[in-house]
Number of protein chains: 2
Amino acid sequence: MEQSQTINKLITHNIKPSLQRIAVLQYLDINKNHPSVDEIFNVLSKDMPTLSRTTVYNVLKLLYSKGLIQMITINEKQVLFDSNMENHAHFICKSCNKVVDLNLPETIKDTQNFMIDNNLIEETHVYYKGMCSECIKNKNYEL
Amino acid sequence: MEQSQTINKLITHNIKPSLQRIAVLQYLDINKNHPSVDEIFNVLSKDMPTLSRTTVYNVLKLLYSKGLIQMITINEKQVLFDSNMENHAHFICKSCNKVVDLNLPETIKDTQNFMIDNNLIEETHVYYKGMCSECIKNKNYEL
DNA sequence: GTGCTTGCAAATCGTTTGCAATAGC
DNA sequence: GCTATTGCAAACGATTTGCAAGCAC
């Protein structure tokens with residue numbers, strides 16, 4: 001994704017495109033591997049030595065509150081982030097902890113808000129847990 | 001649920017039914033409100049003053065690893081637990097943080113393990129986030 | 001008495017907070 | 001200069017770890 005597209009996303013969501021905000025969102029736009037705060041911070045701080053972890057937290061919270069990114073809580077250890085806002089499921093391998101995208105069942109691909117029992121549903125998350133193909137091959141079973 | 005049923009569940013899953021294990025599982029069998037470690041500890045320690053938080057963590061990890069309970073990671077703050085192993089969805093209100101059970105779409109009510117792209121799927125979690133009926137009524141909107 | 005279970009205290013680590021420094025208009 | 005943004009250091013809080021004490025067979 002072009003940097004100009006990333007900047008446009010910020011502007012159209014009423015977010016002032018500071019260097020730090022562009023860097024974080026661009027990282028998510030390019031790296032679709034559901035990074036953690038730490039991964040984002042570690043990579044970006046190589047090119048922005050003054051970047052602080054706090055700023056990464058602040059930016060991610062802002063992007064989430066404005067609907068630009070998803071928070072993935074599949075893993076109890078840490079929150080992961082994803083700028084792919086198309087409705088899709090996430091699978092985590094209990095053995096190697098890798099997270100990959102999977103398709104959603106058609107019935108819940110609905111991306112709009114809807115009501116169940118008078119509750120307003122704004123987000124739908126589908127998380128699968130199990131053992132990935134590689135770990136099965138490598139027999140990385142937890143015994 | 002009868003205490004004898006709770007004990008039977010432990011035995012049939014090859015878990016020695018210590019007092020602490022019975023107490024934790026029984027708490028989950030009776031209280032279907034998705035308690036956190038802290039809630040379980042606080043309530044149980046009233047009647048078991050020597051109970052330690054560590055033991056609650058240990059027991060919950062054991063029960064989860066033996067397939068007796070579910071871990072709910074809908075909330076990034078803390079893990080919640082549920083001894084209801086029937087496949088069902090969870091809804092969390094972003095305003096009051098209450099977690100309630102909802103029905104699953106029929107298409108993913110499948111409770112068996114299955115494969116997607118050579119990955120073995122052992123658990124399916126559906127999490128909805130939004131605003132609950134009460135908060136809508138009380139207009140507890142985050143402004 | 002051997003091995004499993006429990007419980008305490010300390011450590012760990014992801015995240016948040018308070019506040020001062022800085023940047024942008 | 002005023003306001004929003006950033007960044008540092010400390011605090012916080014959920015969870016884990018190391019290890020000693022207790023329990024069961």
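Chain letters run A, B, ... following the sequence lines, proteins first, then strands; residues in each count from 1. Because the structure is a prediction, the values reported are computed rather than measured.
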How is [X] classified with respect to the nucleic acid when contacts are heavy atoms under 4.0 Å: base, sugar-phosphate, or nothing?
X: A:S18; value: sugar-phosphate
X: A:S36; value: nothing
X: A:E76; value: nothing

Using whole Å, report how far CE of B:M48 lies from P of D:dC23.
-> 12 Å
I want to check one thing: is the phosphate of [N], taken as OP1 and OP2, less than 4.0 Å away from some side-chain N or O of [X]?
X: A:R21; N: D:dT5; answer: yes
X: B:Y57; N: D:dT15; answer: yes
X: B:K61; N: D:dT15; answer: no
X: B:K77; N: C:dT16; answer: yes
X: B:S52; N: C:dT6; answer: no

A:Q20 side-chain proximity, nearest of C:dT16, D:dA4, D:dT6 | D:dT6
Could A:K129 and B:E122 be called an ion pair, given the rule that one side-chain N must be under 4.0 Å from one carboxylate O?
-> no
Please determine if A:K32 and A:D101 form a salt bridge, counting it only when a charged side-chain N lies under 4.0 Å from a carboxylate O.
-> no
Note: for B:K16 and B:Q78 on DNA chain D, the residue whose nearest nucleotide lies more 5' is B:Q78
No-H, no-angle donor-acceptor pair, A:T54 side chain to D:dC8 base, under 3.5 Å | yes
Look at the side chain of B:H88 and the backbone N and O of B:E86, then say whether any donor-acceptor pair between them is shorter than 3.5 Å.
-> yes
In terms of heavy-atom contacts, does NZ of A:K61 have more than 12 from other residues, nucleotides or ligands at under 6.0 Å?
-> no
